Asker: 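Quick one: the structure is below, questions incoming.
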2 protein chains.
Amino acid sequence: MQNVLNALRVLEEVAARQPAGVGDLARGLEIPKSTVQRALLTLHTAGWIRQADGGGATRWVLTTKPLLVSRGATGDLSLRDVAVPVMEELRGRCDETVHLAVPEGGKVVLIERLETSQPVRIILPLGKNLPLHASANGKAVLAASGPEALERHLAEGLPRFTDTTLTEADGLRAELARIRERGYATNDGEWRTDVSATAAAVLGKAGRPVASISVNVPSSRVTSETRAAHGALVCEAAAGISAALGGTRAAERLPRPTP
Amino acid sequence: MQNVLNALRVLEEVAARQPAGVGDLARGLEIPKSTVQRALLTLHTAGWIRQADGGGATRWVLTTKPLLVSRGATGDLSLRDVAVPVMEELRGRCDETVHLAVPEGGKVVLIERLETSQPVRIILPLGKNLPLHASANGKAVLAASGPEALERHLAEGLPRFTDTTLTEADGLRAELARIRERGYATNDGEWRTDVSATAAAVLGKAGRPVASISVNVPSSRVTSETRAAHGALVCEAAAGISAALGGTRAAERLPRPTP
DNA sequence: CACACCGTGCCGTGAACCGGCACAATATGC
DNA sequence: GCATATTGTGCCGGTTCACGGCACGGTGTG
């Protein structure tokens, strides 16, 4: 138990500051050197880390095993493989940065990105946590979730990020209704002043939102025409991914496959 | 130790067959149910897995933590972020499937893929291990490595995959010399009969190969013209990535940054 | 209703992890 | 060149906690 927690913390630390030695890690984690050393050897025999090629001091780096494991991290049929081609098509049509995010623990997490060719870009690191009430992806997911998810989120409060952030429950409710009506969500500098986005939710087999796809544009580049155009595009893209995942968004029951 | 190994095996099994229950995992791993249960709870408190939304029975799925950890899995400056735009450019010029692989443990591992728009495609799963002596990426890496790496690989033998596979040490040596001469490696059905590829190695700061980029084409579509064209393209792409990584491929020593 | 299977929790035993410490080898300061 | 600091590695005793058999309540299934 404690052993596993230590080893996983060491693993994360290795990932963060690779290539790293025993001393670095022990100091960064505030864990005795011996413990870190044992964790490193264990992770090595498990095939998760290896020693860097350079001779001298032993520096540890990750193997590709974490990558292998995270391949199935997004959903049943490898959401990423299905979504990326659709995202490429979408970016081709608008030439703006396209994001894919999945809901997790009261946030949405950015898991894939395709960049625009334009010089002014939105650049968020993969793995970034975005708030549910102040991002286009978050609001799209929230609008597609049940009311209990909304209440759960309201209970945690609506922190303000900019002066356009929705911090009132009623305002958020009205916004979500508008999103459900037109099918896509928008964000006009509600989280970072200069970031705007348009997003639509991807629905899984159970009709629940499993992801969200968005077009991200610097606020300075947004016009009412592009906004509407992006809305239509992300709706189409999200519907395409949902269908490819086998989503039953108002789909008729399929004839059962012959056994 | 044993504890950690168990937990990591459980984690991999969850990744492979998510959403999965305790019984499934225990049977698949041939580990007592109690042990698996403890490992699941531990992984949960560590934030690596979570319960699926569906009510009924508890099914476990991965969180995005493995994805976060694997972000830095490829190199110092996130090789993937640097390579993907170059790969997109490359695919745009030839409209064929582009692969990115990294060397690891006597193999090369496929870590990124961009697909062609053409109907006949090469589809290899991400994370696939490719042999050093019978794949374009592998040979490109081998040609850019030191002679001791070659000897180490020769000691393990050269298994035959097809009737064009290079299984003789001398033949491989000659091939590697040819690769070093022209800058790119080729594979003409030496691993799978219908898969051909052209690859060039990406060099890191120490001048060692840290990755390889390749254009993969069905053998039926290969001509001598496309082969030469792809060779030039992958060389250019690999050089671009190497430069972006700060590779010192014949680069002069930089003035040290003022402290 | 019986049966099988599910996920979960308890518990005694013994093997393990923990972490302080010591040691060799290599940078760094004077 | 000596002294100092820091590195990675290995050992070992004490105590903890992981192991895995077993039992329980709940849920389909025949």
Side-chain angles (χ1 to χ4, degrees), chain A residues 1-63 76 205-206 253 256 259, chain B residues 1-63 76 205-206 253 256-259:
Chain A
M1 177 73 176
Q2 191 60 44
N3 189 12
V4 177
L5 295 182
N6 279 334
L8 290 176
R9 286 187 60 198
V10 170
L11 180 63
E12 290 180 58
E13 196 73 7
V14 170
R17 49 170 75 188
Q18 65 173 326
V22 189
D24 299 332
L25 301 169
R27 225 170 309 113
L29 294 167
E30 296 183 348
I31 285 179
K33 221 173 22 168
S34 314
T35 304
V36 174
Q37 169 83 340
R38 238 175 318 111
L40 286 175
L41 292 180
T42 304
L43 289 171
H44 177 59
T45 66
W48 285 66
I49 62 175
R50 64 180 171 83
Q51 314 198 20
D53 308 313
T58 30
R59 291 291 121 90
W60 298 94
V61 295
L62 295 185
T63 65
D76 316 61
K205 288 179 184 171
R253 186 171 299 279
R256 63 162 52 179
Chain B
M1 177 75 177
Q2 192 58 45
N3 188 13
V4 177
L5 296 181
N6 279 332
L8 289 176
R9 285 186 61 200
V10 169
L11 180 63
E12 289 180 57
E13 195 73 7
V14 170
R17 50 170 73 189
Q18 64 173 324
V22 188
D24 299 331
L25 301 169
R27 226 170 308 115
L29 293 166
E30 296 182 349
I31 286 180
K33 219 171 26 165
S34 314
T35 305
V36 174
Q37 169 81 339
R38 236 174 321 110
L40 286 174
L41 292 180
T42 304
L43 290 171
H44 178 58
T45 66
W48 285 66
I49 63 176
R50 63 179 170 85
Q51 314 200 17
D53 307 314
T58 29
R59 292 290 120 90
W60 297 94
V61 296
L62 294 185
T63 66
D76 317 61
K205 290 179 183 171
R253 187 171 299 279
R256 65 160 51 175
T258 56

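Just so it is clear, the structure is predicted and the values come from calculations on it, not from any experiment. Lettering of chains follows the sequences in order, A, B, ..., and the numbering in each one begins at 1.
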Asker: When you match Gly23(A) and Gln2(A) each to their closest nucleotide on DNA chain D, which lands nearer the 5' end?
Answerer: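 Here Gly23(A) is the residue nearer the 5' end.
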Asker: What does the list of N/O pairs under 3.5 Å between the protein and nucleotides 25-30 of chain D look like, with a distance for each?
Answerer:
none

Asker: Whole Å only: how far is the CZ atom of Arg9(B) from the P atom of dC19(D)?
Answerer: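 Those two atoms, CZ and P, are 12 Å apart.
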Asker: Using a cut-off of strictly less than 4.0 Å, decide whether Asn3(B) has a side-chain nitrogen or oxygen near OP1 or OP2 of dA15(C).
Answerer: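 For dA15(C), neither OP1 nor OP2 has a side-chain N or O of Asn3(B) closer than 4.0 Å.
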Asker: Checking the side chain of Thr63(A) only, and the main-chain atoms of Gly47(A) only, is there a donor and an acceptor separated by less than 3.5 Å?
Answerer: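 Checking the backbone N and O of Gly47(A) against the side chain of Thr63(A), a donor-acceptor pair under 3.5 Å is found.
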Asker: Atom CD1 of Ile49(A) and atom P of dG8(D): how far apart are they, to the nearest Å?
Answerer: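 Roughly 13 Å, once rounded to whole Å.
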Asker: When the axes are fitted on five pairs at both termini, how much does the helix from dC3(C)-dG28(D) to dC30(C)-dG1(D) curve, in 10° steps?
Answerer: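 For the helix from dC3(C)-dG28(D) to dC30(C)-dG1(D), the axes at opposite ends meet at about 40°.
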Asker: Taking the side chain as every heavy atom from C-beta outward, state whether Leu5(B) and Arg9(B) have any pair of such atoms under 4.5 Å apart.
Answerer: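 With C-beta onward as the side chain, the pair stays apart.
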Asker: Rounding to an integer number of Å, can you tell me how far Leu40(A) CG sits from dT7(D) P?
Answerer: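 So the CG-P distance, Leu40(A) to dT7(D), works out to 14 Å.
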Asker: Which residues within residues 24-39 of chain B lie with some heavy atom under 4.0 Å of an atom in DNA chain D?
Answerer: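 Going residue by residue through residues 24-39 of chain B, the ones with a heavy atom under 4.0 Å of DNA chain D turn out to be Pro32(B), Ser34(B), Thr35(B), Arg38(B).
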Asker: Atom NE2 of His44(A) and atom C1' of dG8(D): how far apart are they, to the nearest Å?
Answerer: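 Whole-Å distance recorded here is 15 Å.
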Asker: Report the distance from atom CG of Leu41(A) to atom C1' of dC18(C), rounded to the nearest whole Å.
Answerer: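 These atoms are roughly 15 Å apart.
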Asker: Output the distance between atom CG (Leu43(B)) and atom CG (Leu8(A)), rounded to the nearest 0.5 Å.
Answerer: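 Here the rounded value is 6.5 Å.
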Asker: Say you draw a straight line from CG of Leu25(A) to CG of Leu40(A); how long is it, rounded to the nearest 0.5 Å?
Answerer: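 These two atoms lie 6.0 Å from each other.
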Asker: Could you work out, with side-chain contact (heavy atoms from CB on, under 4.5 Å) as the rule, every residue matching Arg38(B), not counting sequence neighbours?
Answerer: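 Arg38(B): side-chain contact (heavy atoms from CB on, under 4.5 Å) contacts with Thr35(B).
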Asker: What pairs with Arg27(A) under side-chain contact (heavy atoms from CB on, under 4.5 Å), at least two apart in sequence or on another chain?
Answerer: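 With neighbours one apart ignored, the set is Asp24(A).
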Asker: Would a 4.5 Å heavy-atom cut-off, applied to side chains only, mark Asn3(B) and Thr42(B) as touching?
Answerer: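 Asn3(B) vs Thr42(B): side chains apart.
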Asker: Mind checking the CD1-CG spacing from Ile49(B) to Leu41(B)? Nearest 0.5 Å is all I need.
Answerer: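 One gets 8.0 Å once the value is rounded to the nearest 0.5 Å.
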Asker: Are Val10(A) and Trp60(A) packed together at the side-chain level, in the sense that at least one heavy-atom pair is separated by less than 4.5 angstrom?
Answerer: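 No; the side chains remain at least 4.5 Å from each other.
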Asker: Looking at dT7(D), I'd like to know if its phosphate oxygens (OP1 or OP2) sit under 4.0 Å from a side-chain N or O belonging to Arg59(A).
Answerer: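 Looking at the OP1 and OP2 atoms of dT7(D), neither is under 4.0 Å from any side-chain N or O of Arg59(A).
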Asker: Atom pairs under 3.5 Å, N or O on each side, protein against nucleotides 26-28 of chain C: can you list them with distances?
Answerer:
none

Asker: Looking at dT9(D), I'd like to know if its phosphate oxygens (OP1 or OP2) sit under 4.0 Å from a side-chain N or O belonging to Thr58(A).
Answerer: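 For dT9(D), OP1 or OP2 has a side-chain N or O of Thr58(A) closer than 4.0 Å.
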Asker: When you look at Arg17(A) and Glu13(A), which way does the salt bridge (Lys or Arg N to Asp or Glu O under 4.0 Å) test go after all the steps?
Answerer: CA-CA 6 Å; Arg17(A) 49 170 75 188; Glu13(A) 196 73 7; 3.1 Å; yes
Asker: Answer whether the closest heavy-atom distance between the side chains of Val22(B) and Thr58(B) falls below 4.5 Å.
Answerer: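 When only atoms from C-beta onward are counted, Thr58(B) and Val22(B) do not touch, as no gap falls below 4.5 Å.
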